[in-house]
Amino acid sequence: MAAKRRILIAGNWKMNGLKKDARSLAGALGTKMSKLKSKPEFEMLVCPPAALLGPVLDAVKGKGIAVGGQDCHANEGGAHTGDTSAALLKSMGCKYAIVGHSERRTDHAETDAMVKAKAEAAHKAGLSAIVCIGETLKQREAGRTKSTNKKQLAGSLPEGATARNTVIAYEPVWAIGTGKVATPAQAQEVHALIRAELAAAIGEAEAAKMRILYGGSMKPGNAAELLALPDVDGGLIGGASLTVADFWGIAQAV
Ligand code: PEP
């Protein structure tokens, strides 16, 4: 029997919003969640900029919305100006940390080994790691979609990864913030590949339970067909997570 995986609708706010915006967006989502009559079929997560974690955690308290960091450092503490440790995220009340987002791989030259170390730090602190992978347009056009994702997954997957402590996010770089979304066939092909690679790495049973999110221009209008794919277990959403109507619209597509 196929494993039942709870859909994760995760918002990556990136470097957007001021304190007042964060409060009103998180507050409005909290109000929507608390009006639901039964437990939703999805889990909702918001990942604000680090400086806004406090106000967002306050705004969603008791509303059934998880909060996560957009990154964490691989070390537990020390001389790392401007960075955030996984233990600090955990102590604030976070449940997740995104690691290896393509913007961090590009802007901060993060390698697979660094992403793996960050995911392991997240686990050590008691957080679930959302490990991002995905090919660029150049790699896709060169026929290297599968090999790129296989290599990134193998290099970034933390030791001891389980379906409880790890989520994979497939985010084709060419689809992030561009309005170009992967077709259902393109998304399912890579998601199935990721699940097969996970099965080889951590065993079939654990791979069947692990959530694999799609990220890249997911919107209310395209979410339903992506979320209905057999190996798509949610979305990592950037632009559309910044408005209540769009983010809630995607959650409703579940
Ligand atoms: C992202 O930042 O992870 C992302 C998928 O962005 P967008 O939804 O804007 O493409």
Requested in this report: Go through the steps to decide whether Glu43 and Lys95 satisfy the test salt bridge (Lys or Arg N to Asp or Glu O under 4.0 Å), and finish with yes or no.
Outcome: CA-CA 12 Å; Glu43 179 184 358; Lys95 285 199 172 155; 5.5 Å; no
Query raised in the report: Are Leu227 and Ile194 linked, directly or through other ILVMFWY residues, by side chains that come within less than 4.5 angstrom of each other?
Result: yes
Query raised in the report: Would you say His191's side chain and Tyr170's backbone share a donor-acceptor pair under 3.5 angstrom?
Result: no
Query raised in the report: Would you say the side chain of Glu189 lies within less than 4.5 Å of the side chain of Thr145, judging by non-hydrogen atoms?
Result: no
Report task. Work out which heavy atom in Pro184 is nearest to a heavy atom in Leu229; give both atom names and the distance. Result -> O-CD1, 3.5 Å
Requested in this report: Please confirm whether the backbone N or O of Glu159 pairs with a side-chain atom of Glu120, one donor and one acceptor, at under 3.5 Å?
Outcome: yes
Requested in this report: List in chain and number order the residues that pass side chain to side chain contact (heavy atoms under 4.5 Å, CB included) with Thr178, two or more places apart in sequence or in another chain; answer none if no residue qualifies.
Outcome: Lys180, Ser217
Requested in this report: For residues Val99 and Arg104, determine if any side-chain heavy atom of one lies less than 4.5 Å from a side-chain heavy atom of the other.
Outcome: no
Query raised in the report: Any side-chain heavy atom of Trp13 within less than 4.5 Å of one from Val56?
Result: yes
Query raised in the report: Is a side-chain N or O of Arg5 found less than 3.5 angstrom from the main chain of Val232, in a donor-acceptor match?
Result: no
**Report entry** Expected output: side-chain Gln70 to main-chain Ile98 donor-acceptor under 3.5 Å
**Finding:** no
Requested in this report: Indicate yes or no for a side-chain donor-acceptor contact from His108 to the backbone of Glu110 under 3.5 Å, with no hydrogens or angles considered.
Outcome: no
Query raised in the report: Linking I/L/V/M/F/W/Y whenever their side-chain heavy atoms sit closer than 4.5 Å, directly or via other members, would Ile168 and Leu45 fall into one cluster?
Result: no
Query raised in the report: Is there a path of hydrophobic side-chain contacts, each under 4.5 Å between heavy atoms of I, L, V, M, F, W or Y residues, that connects Val60 with Leu53?
Result: yes
**Report entry** Within-4.5 Å side-chain heavy-atom neighbours: Leu157 and Leu198
**Finding:** yes
Report task. Would you give the length of the straight line joining atom OG of Ser34 to atom NZ of Lys63, rounded to the nearest 0.5 angstrom? Result -> 4.0 Å
Query raised in the report: Looking only at heavy atoms, what is the nearest atom pair of Gly11 and Phe247, with distance?
Result: N-CZ, 3.4 Å
Report task. Measure from the side-chain N and O atoms of Asn165 to the backbone N and O of Ala161, and report whether any donor-acceptor pair falls under 3.5 Å. Result -> no
Query raised in the report: Given side chains that start at C-beta, do those of Pro172 and Arg140 come closer than 4.5 Å, heavy atoms only?
Result: no
Query raised in the report: Side chain of Ser85, backbone of Asn75: donor and acceptor closer than 3.5 Å?
Result: no
Report summary line: In short, Leu57 meets Met92 closest at the heavy-atom pair CD1-O, 3.3 Å
Query - Check: Gly238 main-chain N/O paired with Ser241 side-chain donor or acceptor under 3.5 Å - result: yes
Query raised in the report: Is the backbone of Gly203 close enough, under 3.5 Å, to the side chain of Glu206 for a donor and an acceptor to pair up by distance?
Result: no
**Report entry** Exercise: do Ser156 and Arg105 side chains pair donor with acceptor under 3.5 Å
**Finding:** yes
Report task. State, with a plain yes or no, whether a side-chain heavy atom of Ile237 is found less than 4.5 Å away from one of Ile9. Result -> yes
Requested in this report: State, yes or no, whether a side-chain contact exists between Glu41 and Ile7 at a heavy-atom distance under 4.5 Å.
Outcome: no
Requested in this report: Mind listing the closest non-hydrogen atom pair of Lys14 and Pro49 along with its distance?
Outcome: O-CG, 3.2 Å
Requested in this report: Consider only side-chain heavy atoms of I, L, V, M, F, W and Y, link residues closer than 4.5 Å, and tell whether Leu29 and Phe42 are in one cluster.
Outcome: yes
Query - Stepwise side-chain contact (heavy atoms from CB on, under 4.5 Å) check, Glu171 with His101 - result: CA-CA 8 Å; Glu171 299 208 296; His101 190 282; 3.3 Å; yes
**Report entry** Closest non-hydrogen atom pair, Lys90 against Ala125
**Finding:** CG-O, 3.1 Å
Report task. Examine Leu213 and Ile65 and state if one hydrophobic cluster contains both, with Ile, Leu, Val, Met, Phe, Trp and Tyr joined whenever side-chain heavy atoms are less than 4.5 Å apart. Result -> no
Report summary line: CG of Leu193 to OG of Ser147, rounded to nearest 0.5 Å, is 9.5 Å
**Report entry** Atom pair CG/CD1 of Asp231 and Ile212 - distance to nearest 0.5 Å
**Finding:** 6.0 Å
Query raised in the report: Quick one: CE on Met218 to CD1 on Ile250, what's the gap to the nearest 0.5 Å?
Result: 6.5 Å
Query raised in the report: Which of these, Lys209, Arg195, Arg6, sits in a side chain to side chain donor-acceptor pair (under 3.5 Å) with Asp233?
Result: Arg195
Query raised in the report: Do Leu25 and Asp21 touch side chain to side chain, with heavy atoms closer than 4.5 Å?
Result: no
Query raised in the report: Within the distance-only criterion (no hydrogens, no angle test), does the side chain of Tyr214 pair as donor or acceptor with the backbone N or O of Ala182 below 3.5 angstrom?
Result: yes
Report summary line: Heavy-atom closest pair (Pro48 atom, Val67 atom, distance to 0.1 Å) is CD-CG1, 4.0 Å
Query raised in the report: How many angstroms lie between atom CG of Leu8 and atom OG of Ser128, to the nearest 0.5 angstrom?
Result: 9.5 Å
